[in-house]
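So the structure is just underneath, and the comments pick up after that.
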Amino acid sequence: MPSVPARGIRSAPTGTPLRIMDQPATDLTQLLPARIQGVGTSQIGLVADRGRDDPEVVKLWIGEGDLPTPPFIVEAAHRAMLAGETRYTYSRGIPALHRALSDYHRRHWGVEVAPERFAITAGGMNAIMQACQALLEPGEEVIIPVPGWPNLGEAVRVTGGVPVTVPYRQSATGRFSLPLEDILAAVTPRTRIIVVNSPSNPTGWVMPMGEMEALLAAARERGLWIISDEVYNHFTYGNAIAPSFLQLATPSDRLIVTNTFSKNWAMTGWRAGWIIYPEGLAATFGKLGQYNTTSIPTFIQHAAVTALEQGDGFIRTMVGRCAEARAIMVEGLSRLKGVTVFPPDGAFYLMARVETGEKSLDLAFRLLREAKVGVAPGTAFGPEGEGFIRICFAISPELAREAVARLARVLG
């Protein structure tokens, strides 16, 4: 009896082997969910990947300082490993780290945040992702100021939400602002979350306490959530520390605060961060931590305790270096024809408008090629960034002077 090909399988002529290449070609990306197909490619990565391994490049594209992790943190991780802290642990993180975070917020902002309101995440990015996973239903809208960190919008898309952008306003002097009426004008019946990143990446805008209070009141009235990304709150120039929504909110407010160990303690590669949520959601974020990462490495959490308890001096050193490099870059770049620099109030980035007639991405590629300086194109942070480049100045004064000299040779 002749054999019958299985349904859906094409048979080859007798004696001819069926090869994979004979089957119709398919772009497998077209089979993925629309929300995944729509995730954007990082323009910062496009530029960085062309010069990442070139030792001659002054790398100012990624939000990372040039200092290594302090030895006292590295040694704490080593001690923890030797002590056997290399096994699974609580999905929300070790209790000692929750207590250290509670003490840290009391010390710097004078607020009481109970240890059970913290969960440890794989960096600030995972904190944002878990917040979106917890709050969003498919199709719900999230208001995001722009130009802004692109990962915020992409986290919303990945979790099925819809980013709704609200542009910062900019005065003739270059100062950025975000009026409450602009935010509220973007609210629709589908709005679920308002995101605030203060101090802001890339604009350096810092939200004043009075504006925080007004936004929190408006969110309460409308039943909206606020996600406050407070990664850069120590990096301010002219103020001791940036205000936090935690200074205004009650434990039951619809507020989530995200943060990371990356910036303050030069721990970008350690992938450690935290999330603060309202009372009653510890079990929820315990489950999200379990299904995202199980937990971050236990020995890293012990090192993070040491960072919190012993690292205030290192933070002051970091901020001081940034302030000096900021002054050097603002002064030097302001002298260049066609370059307008807007001194930031916070974070460690300059948004410089460069009038060469080029697209921002093309200009970033040219500066990498001709000046050996790596910068981020302004359009990496949304179309509102066209005509700008973003420069990270979390570097030594010497490196800042070298970067300015190189840029001057090309742009001057």
Side-chain angles (χ1 to χ4, degrees), residues 44 48 55-73 108 149 173-176 197-206 230-243 259-269 307 310-336 339-354 364 367 371-376 378 388-412:
I44 304 173
E56 295 183 6
V57 172
V58 178
K59 300 173 175 66
L60 310 179
W61 40 42
I62 294 173
E64 183 173 51
D66 64 338
L67 290 177
T69 305
F72 67 89
I73 298 175
H108 289 289
W149 185 41
T173 62
R175 185 172 294 276
F176 289 93
N197 173 213
S198 172
S200 162
N201 171 17
T203 64
W205 166 79
V206 179
E230 302 186 0
V231 166
Y232 300 98
N233 45 24
H234 282 288
F235 292 87
T236 58
Y237 310 100
N239 298 301
I241 195 169
N259 216 316
T260 181
F261 288 88
S262 294
K263 315 299 181 180
N264 294 340
W265 300 281
M267 295 174 67
T268 51
Q310 301 179 27
D312 285 358
F314 181 77
I315 294 174
R316 288 191 292 271
T317 297
M318 281 275 286
V319 175
R321 290 172 92 247
C322 287
E324 191 171 351
R326 169 182 177 270
I328 291 167
M329 288 196 147
V330 168
E331 180 186 9
L333 295 178
S334 296
R335 297 176 180 176
L336 303 183
V339 178
T340 307
V341 181
F342 307 108
D345 294 325
F348 46 58
Y349 308 102
L350 287 179
M351 282 289 277
R353 184 185 293 280
V354 184
L367 293 176
K372 291 286 189 178
V373 176
V375 302
F388 292 83
I389 57 173
R390 189 202 71 173
I391 298 171
C392 174
F393 57 81
I395 54 176
S396 69
E398 295 76 20
L399 196 57
R401 293 187 185 95
E402 175 64 22
V404 168
R406 292 186 186 193
L407 291 172
R409 285 195 290 270
V410 174
L411 297 176

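Keep in mind the model is a prediction, meaning the values are calculated, not measured.
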Could you report the tightest heavy-atom contact between [X] and [Y], atom names first, then the distance?
| X | Y | answer |
| --- | --- | --- |
| Pro202 | Met351 | O-CG, 3.3 Å |
| Phe72 | Gly311 | CZ-CA, 3.7 Å |
| Ala325 | Ile395 | CB-O, 3.6 Å |
| Val339 | Leu411 | CG2-CD1, 4.3 Å |
| Asn264 | Phe314 | O-CD2, 3.4 Å |
| Lys372 | Arg406 | O-NH1, 2.9 Å |

How about [X] and [Y]: do any of their side-chain heavy atoms sit closer than 4.5 Å?
| X | Y | result |
| --- | --- | --- |
| Val206 | Ser200 | no |
| Val373 | Val410 | no |
| Asp345 | Trp205 | no |
| Arg321 | Leu67 | yes |
| Pro344 | Leu350 | yes |
| Arg335 | Val404 | no |
| Glu324 | Pro397 | yes |

So how far is it from [X] [atom1] to [Y] [atom2], rounded to the nearest 0.5 Å?
| X | Y | atom1 | atom2 | answer |
| --- | --- | --- | --- | --- |
| Phe235 | Arg326 | CZ | CZ | 13.5 Å |
| His234 | Met318 | NE2 | CE | 11.0 Å |
| Ile328 | Phe393 | CD1 | CZ | 11.5 Å |
| Leu60 | Met329 | CG | CE | 5.0 Å |
| Ile62 | Cys392 | CD1 | SG | 9.5 Å |
| Asp312 | Thr317 | CG | OG1 | 11.0 Å |

Taking the side chain from [X] and the backbone from [Y], do they hold a donor-acceptor pair closer than 3.5 Å?
| X | Y | answer |
| --- | --- | --- |
| Thr69 | Ala266 | yes |
| Lys59 | Val375 | no |
| Thr260 | Ser262 | yes |
| Trp61 | Gly374 | no |
| Asn197 | Glu230 | no |
| Tyr237 | Ala347 | yes |

Does Phe388 form a side-chain contact (heavy atoms from CB on, under 4.5 Å) with Val354? I'd like the steps, not just the answer. CA-CA 6 Å; Phe388 292 83; Val354 184; over 6 Å; no
Can you check side-chain contact (heavy atoms from CB on, under 4.5 Å) on Ser396 and Asp66, steps first, answer last? CA-CA 7 Å; Ser396 69; Asp66 64 338; 3.8 Å; yes
Pair Asn201-Arg390, side-chain contact (heavy atoms from CB on, under 4.5 Å): steps then yes or no: CA-CA 9 Å; Asn201 171 17; Arg390 189 202 71 173; 2.8 Å; yes
Are Phe348 and Tyr232 an aromatic pair by the rule of ring centers under 6.0 Å?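 Under 6.0 Å, so yes.
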Heavy atoms from other residues, nucleotides or ligands near CZ of Arg175 exceed 12 (cutoff 6.0 Å):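 Atom CZ in Arg175 is not packed in, count stays at 12 or less.
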Do the side-chain N and O atoms of Asn233 and His108 include a donor-acceptor pair separated by under 3.5 angstrom?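 Their side chains do not contain a donor-acceptor pair, so the 3.5 Å distance test is not met.
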